[in-house]
Number of protein chains: 2
Amino acid sequence: MTSSPRATQPKYQRIAEDLKRDIDSGRYRPGDRLPGENDLMVTYGVARMTARQALGVLQTEGIAEARKGVGVFVREFRPIRRRGIQRLSGRNWGSGFSVWSTDIGPRDLTVDQLTVAEREVPEEIAAVLGLKTGESACVRSRRFVLDGKPVLLSESYLPAALVTGTRITDPDTGPGGTYARLAELGHKPVHFQEHIRSRMPAGDEAERLALAPGTPVFLVHRTAFAEDGQVVEFNAMVLDSSAYILEYDFDA
Amino acid sequence: MTSSPRATQPKYQRIAEDLKRDIDSGRYRPGDRLPGENDLMVTYGVARMTARQALGVLQTEGIAEARKGVGVFVREFRPIRRRGIQRLSGRNWGSGFSVWSTDIGPRDLTVDQLTVAEREVPEEIAAVLGLKTGESACVRSRRFVLDGKPVLLSESYLPAALVTGTRITDPDTGPGGTYARLAELGHKPVHFQEHIRSRMPAGDEAERLALAPGTPVFLVHRTAFAEDGQVVEFNAMVLDSSAYILEYDFDA
DNA sequence: GATTTCAGCATCTCTAGACAAGCTGAAATC
DNA sequence: GATTTCAGCTTGTCTAGAGATGCTGAAATC
């Protein structure tokens, strides 16, 4: 009873992997025709539906495309395959997430609230928030853990005047998350966001993400404005590049 | 022989649409259990594989998720369904694209080079590019057309000193596009990018995108830096919100 | 009461067929 | 030579089964 990783791998999966390997290796190049259903039936000795299922995997992942009556072809411009997240949909920052990837199916994302405190913030961040000297902001630090691996550290700054007495910084903010809470208070934020390719700086954050300093990461700086132009949040994030989050939605 | 839009719609598609409608209408809410294979077999009088195929559609689109041995459930946090592009992969900006969406399969994206000229640019853009007064930039205007509908206008500014005598601004820039050409010249750009939700301003651009002024659009401002900090490109884009491009890859 | 066992139900994989529908290129026709 | 027809290929849809595998909760056991 060895716990071999693929004790009984489904046939269709093995066939799909063979095809993918042949594509990666250059045996089949973009535009080339792949073995069709009939070919796979003969080569692997499987039924039509099993061969179809294998080819379906490649189509779902955007690697191949079938032309009815003609054959199955390697896509000319196919997505760069990532080990990371393909799609993340969360209207509910703070109370749990679900992550989905074409490559490997659903995944678990949890959010740990590390700290939350009200304090004076560095000058440059105060400037972004439009705070005068002496005014303080609510700083919330959170860590996002994907399938057991920490992938994102987030530090969120909200003007204290905006959040005192509200539940905005509760660990579980409820449906809609921070932005929904802000909306309840009359602020419907629009955000500006910068994605910056960088390398992991040494220090605390590297440890909490379990990343060696120098590892490629993304820095994401998000500034959220209310309709009247007031800055209601500044958020600095460090994100493991290999788990780059491609889509997030803050809309309610 | 009426050309009814769904003369003979496949059964699995009809079932999938029924389920989606019931989810949209709130009959099944996030976390709820959907009718399983056996239920659909009875309700619709179809074979197991057909029922599976219907449920597979919802899973591929990230709307539902199956738990083996338990059932099929509406995902707690499911992607906001868009009419537009789910994924765009192009390592080949300028020489043709192919676009793929989970919702509706492959789509055609073409890129028209509208104009390209060397000229002095507005002061604020010259500032971004680090140009002194009198220096000029190469301005390339392109339009991206998705399935016949214009969805994106792009205006790209490159320091003239960088591009004169190169093929960077050829309509067909070849494999890898602009960024690959820049890399050949010793610049490996890193880009900052802002996504700004806005509304279509009146004028030329509204016409070329065939969008009524006031329509929700995204403004994307991208600034590309070489490793030495030099700005090698500034790109201003106006993007039809309904065709929001979620992923683009400039990496080689 | 706490633990273990297990029947029942669900999805997952797979088979061996069948017919429909779209495409291609060669043969037949004009 | 130009056009049309059509056989033969392809993928698309669908059936009616089967066993494997994973989960759950209730019953049996400790």
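Below, chain A is the first sequence line, B the second, and so on; all start at residue 1. Computed from a predicted structure; not experimentally measured.
Within the cation-pi definition used here (under 6.0 Å to the ring centroid, within 45° of the axis), B/Arg67 qualifies as a partner of B/Phe73.
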Audit row: A/Leu114, A/Leu153, side chain to side chain contact (heavy atoms under 4.5 Å, CB included) steps and yes/no: CA-CA 10 Å; A/Leu114 300 180; A/Leu153 283 177; 4.1 Å; yes
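Close to C/dT13, at under 4.0 Å from its OP1 or OP2, lies no side-chain N or O of B/Lys68. Side-chain N/O atoms of B/Thr50 include one lying less than 4.0 angstrom from OP1 or OP2 on D/dT15. At the phosphate of C/dT15, neither OP1 nor OP2 sits under 4.0 Å from any side-chain N or O atom of A/Arg48. Contact annotation: A/Tyr12 side-chain N/O to C/dT13 OP1/OP2 distance is under 4.0 Å. An OP1 or OP2 oxygen of C/dC9 is reached within less than 4.0 angstrom by no side-chain nitrogen or oxygen of B/Asn38.
The interatomic distance linking A/Arg52 (CZ) with C/dA18 (C1') rounds to 14 Å, in whole Å.
The listed nucleotides are D/dA16, D/dG12, C/dT15; the one nearest the side chain of B/Ala47 is D/dA16. Distances were taken from every side-chain heavy atom of A/Met49 (C-beta onward) to each of D/dT15, D/dC23, C/dT13; the shortest belongs to D/dT15.
Using a 4.0 Å heavy-atom criterion, one finds that A/Arg67 contacts the sugar-phosphate atoms exclusively. Note on B/Gly45: only backbone sugar-phosphate atoms sit closer than 4.0 angstrom, heavy atoms only; bases stay farther off.
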